[in-house]
Enquirer: 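Take this structure, written in structure tokens, and hold onto it; I'll ask about it next.
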Amino acid sequence: MSLPTKWGLFSQRSVRVARDSIAAVLRMDPGLSEVPPKVLFTLQSPADIAQYVVGSDADIGGFSSARLDLDNEGRGRFSGEIRTDVRPQMQGKMRSGYAGFRNKVLRRSGQSALMLTLSLKMRPSLFGNVTDDLSLYKYLSLRVRSGGDPRTRNAYFVNVQTDGPVQSDLWQHRLYLRGDGTWEDVLVPLNKFILTNSGEAVNSDMTMMKEAIRSVGISLLGGNANIQGKFELGIESISATNDSSTGTQEKQH
């Protein structure tokens with residue numbers, strides 16, 4: 001990545017930190033709770049794509065594959081193949097059938113092998129490292145388009161990591177899609193995410209630290225349901241919003 005491009009990203013992140021500082025002030029005044037949507041990430045250029053890392057079970061002995069690039073329209077494309085078989089020496093020792101991507105963050109001790117694959121570095125700014133403050137928002141809004149094998153289209157999850165004390169904790173929510181191959185805006189309620197650790201739900205009364213979001217990503221989990229096949233998910237942007245009229249909300253399938 002060129003120096004001007006790096007400086008541009010650095011400047012954008014510095015603006016984001018300043019904006020979140022203003023949000024912290026707004027939280028003190030309930031009369032200022034009407035805030036505009038906040039774009040967290042876009043996937044519309046090579047520089048955007050470079051801000052993400054991709055991992056799959058192939059990194060620890062499986063055979064799934066995954067990549068994140070731009071499609072012919074210049075929008076993000078997460079694609080590959082989910083497989084549930086593993087190398088003979090790993091039989092009974094690992095879970096397979098997963099792939100995922102998220103923005104780059106710093107690895108800390110205690111993270112799983114998959115989290116290591118998906119964790120490289122912080123997003124620096126003039127004010128230090130970036131976390132996003134979503135405490136003023138009700139929903140994550142994802143502009144996405146499903147493709148690939150129909151069996152894979154209901155196996156996606158949205159993953160959120162906060163700047164909490166246990167860095168292997170991950171907040172997850174199913175990503176429900178129409179599955180008709182068209183672009184859609186999907187709203188995921190931030191208060192409906194489930195706390196997980198190492199792929200298992202955690203029985204806890206903890207609530208998500210919405211004021212300190214370290215990373216947001218998407219994974220495809222096919223192992224438990226024995227879902228296999230080629231997958232493709234178009235992803236243009238991830239935002240935070242309070243406007244429930246801007247997209248489709250979760251539904252039971």
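Just so you know, these numbers come straight off a predicted model, no measurement behind them.
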Enquirer: Once you round to the nearest 0.5 Å, how far does CG of Asn154 lie from CD1 of Ile227?
Expert: 8.0 Å
Enquirer: Does any donor atom in the side chain of Thr131 or Asp163 lie under 3.5 Å from an acceptor atom in the other side chain?
Expert: no
Enquirer: Please name the pair of heavy atoms, one in Gln161 and one in Gln167, separated by the smallest distance, quoted to 0.1 Å.
Expert: NE2-O, 2.7 Å
Enquirer: Whether the side chain of Asp57 engages the backbone of Phe63 through a donor-acceptor N/O pair (distance < 3.5 Å, no angle test) should be reported.
Expert: yes
Enquirer: With no hydrogens and no angle check, just 3.5 Å: does a side-chain donor-acceptor pair link Thr241 and Asp243?
Expert: no
Enquirer: Given Val35 and Tyr137, is the side chain to side chain contact (heavy atoms under 4.5 Å, CB included) satisfied, shown in steps?
Expert: CA-CA 8 Å; Val35 293; Tyr137 296 95; 3.7 Å; yes
Enquirer: Can a donor-acceptor pair be found, under 3.5 Å and without considering hydrogens, that links the side chain of Gln172 to the backbone of Phe157?
Expert: no
Enquirer: Indicate yes or no: at least one non-hydrogen side-chain atom of Leu187 is less than 4.5 angstrom from one of Ser141.
Expert: yes
Enquirer: Quick one: does any side-chain atom of Lys192 pair with a main-chain N or O of His173 as donor and acceptor, under 3.5 Å?
Expert: no
Enquirer: Heavy atoms, side chains only, cut-off 4.5 Å: are Leu43 and Leu68 in contact?
Expert: yes
Enquirer: So which atom in Val202 and which in Thr196 form the shortest heavy-atom distance, rounded to 0.1 Å?
Expert: CG2-C, 3.8 Å
Enquirer: Below 4.5 Å, heavy atoms only, C-beta onward: do Val144 and Tyr156 meet side chain to side chain?
Expert: no
Enquirer: With hydrophobic residues grouped by side-chain heavy-atom distances under 4.5 Å, do Met206 and Val158 end up in a single group?
Expert: yes
Enquirer: Please determine whether the number of non-hydrogen atoms from other residues, nucleotides or ligands lying under 6.0 Å from atom CZ of Arg87 exceeds 12.
Expert: yes
Enquirer: State, to 0.1 Å, how close Ala66 and Gly55 come at their nearest heavy-atom pair, and which atoms those are.
Expert: CB-O, 4.4 Å
Enquirer: Checking the side chain of Arg153 only, and the main-chain atoms of Gly179 only, is there a donor and an acceptor separated by less than 3.5 Å?
Expert: yes
Enquirer: Salt-bridge test for Asp185 and Arg143: reply yes if a basic N is under 4.0 Å from a carboxylate O, no otherwise.
Expert: yes
Enquirer: Apply side chain to side chain contact (heavy atoms under 4.5 Å, CB included) to the pair Leu170 and Arg102, showing each step before the final yes or no.
Expert: CA-CA 12 Å; Leu170 199 64; Arg102 72 178 188 180; 4.2 Å; yes
Enquirer: Kindly determine whether Lys104 and Val53 satisfy side chain to side chain contact (heavy atoms under 4.5 Å, CB included), including the steps that lead there.
Expert: CA-CA 6 Å; Lys104 296 177 181 178; Val53 283; 3.7 Å; yes
Enquirer: Looking only at non-hydrogen atoms, find the nearest pair between Ser219 and Asn159 and report the distance.
Expert: OG-ND2, 2.9 Å
Enquirer: Which of parallel (below 30°), tilted (30 to 60°) and perpendicular (above 60°) describes Phe231 and Phe78?
Expert: tilted
Enquirer: Can you give me the closest heavy-atom contact between Tyr139 and Ser244, atom names plus distance?
Expert: OH-CB, 3.6 Å
Enquirer: To the nearest 0.5 Å, tell me how far Glu34 CD sits from Asn242 CG.
Expert: 7.0 Å
Enquirer: Walk me through it: do Asp69 and Arg77 pass the test salt bridge (Lys or Arg N to Asp or Glu O under 4.0 Å)?
Expert: CA-CA 5 Å; Asp69 59 7; Arg77 175 176 56 194; 3.0 Å; yes
Enquirer: Dump the intermediate steps for side chain to side chain contact (heavy atoms under 4.5 Å, CB included) on Asp132 and Val216, then the final yes or no.
Expert: CA-CA 10 Å; Asp132 286 296; Val216 180; over 6 Å; no
Enquirer: Below 4.5 Å, heavy atoms only, C-beta onward: do Lys138 and Pro189 meet side chain to side chain?
Expert: no
Enquirer: Starting at CD1 of Ile235, measure out to CG of Leu233 and round the result to the nearest 0.5 Å.
Expert: 6.0 Å
Enquirer: I'd like to check Asp85 versus Ser96 (side-chain heavy atoms, cut-off strictly below 4.5 Å). Are they in contact?
Expert: no
Enquirer: Atom OG in Ser237, atom CZ in Arg75: separation rounded to 0.5 Å?
Expert: 10.0 Å
Enquirer: Could you grab the distance from atom CE of Met209 to atom CH2 of Trp171, nearest 0.5 Å is fine?
Expert: 10.5 Å
Enquirer: Donor-acceptor check, side chain of Thr42 to backbone of Gln44, threshold 3.5 angstrom: yes or no?
Expert: no
Enquirer: Considering non-hydrogen atoms only, spot the tightest contact between Leu177 and Ser146 and give its length.
Expert: CD1-CB, 3.8 Å
Enquirer: Rounded to the nearest 0.5 Å, how far apart are CD of Gln228 and OG of Ser64?
Expert: 8.0 Å
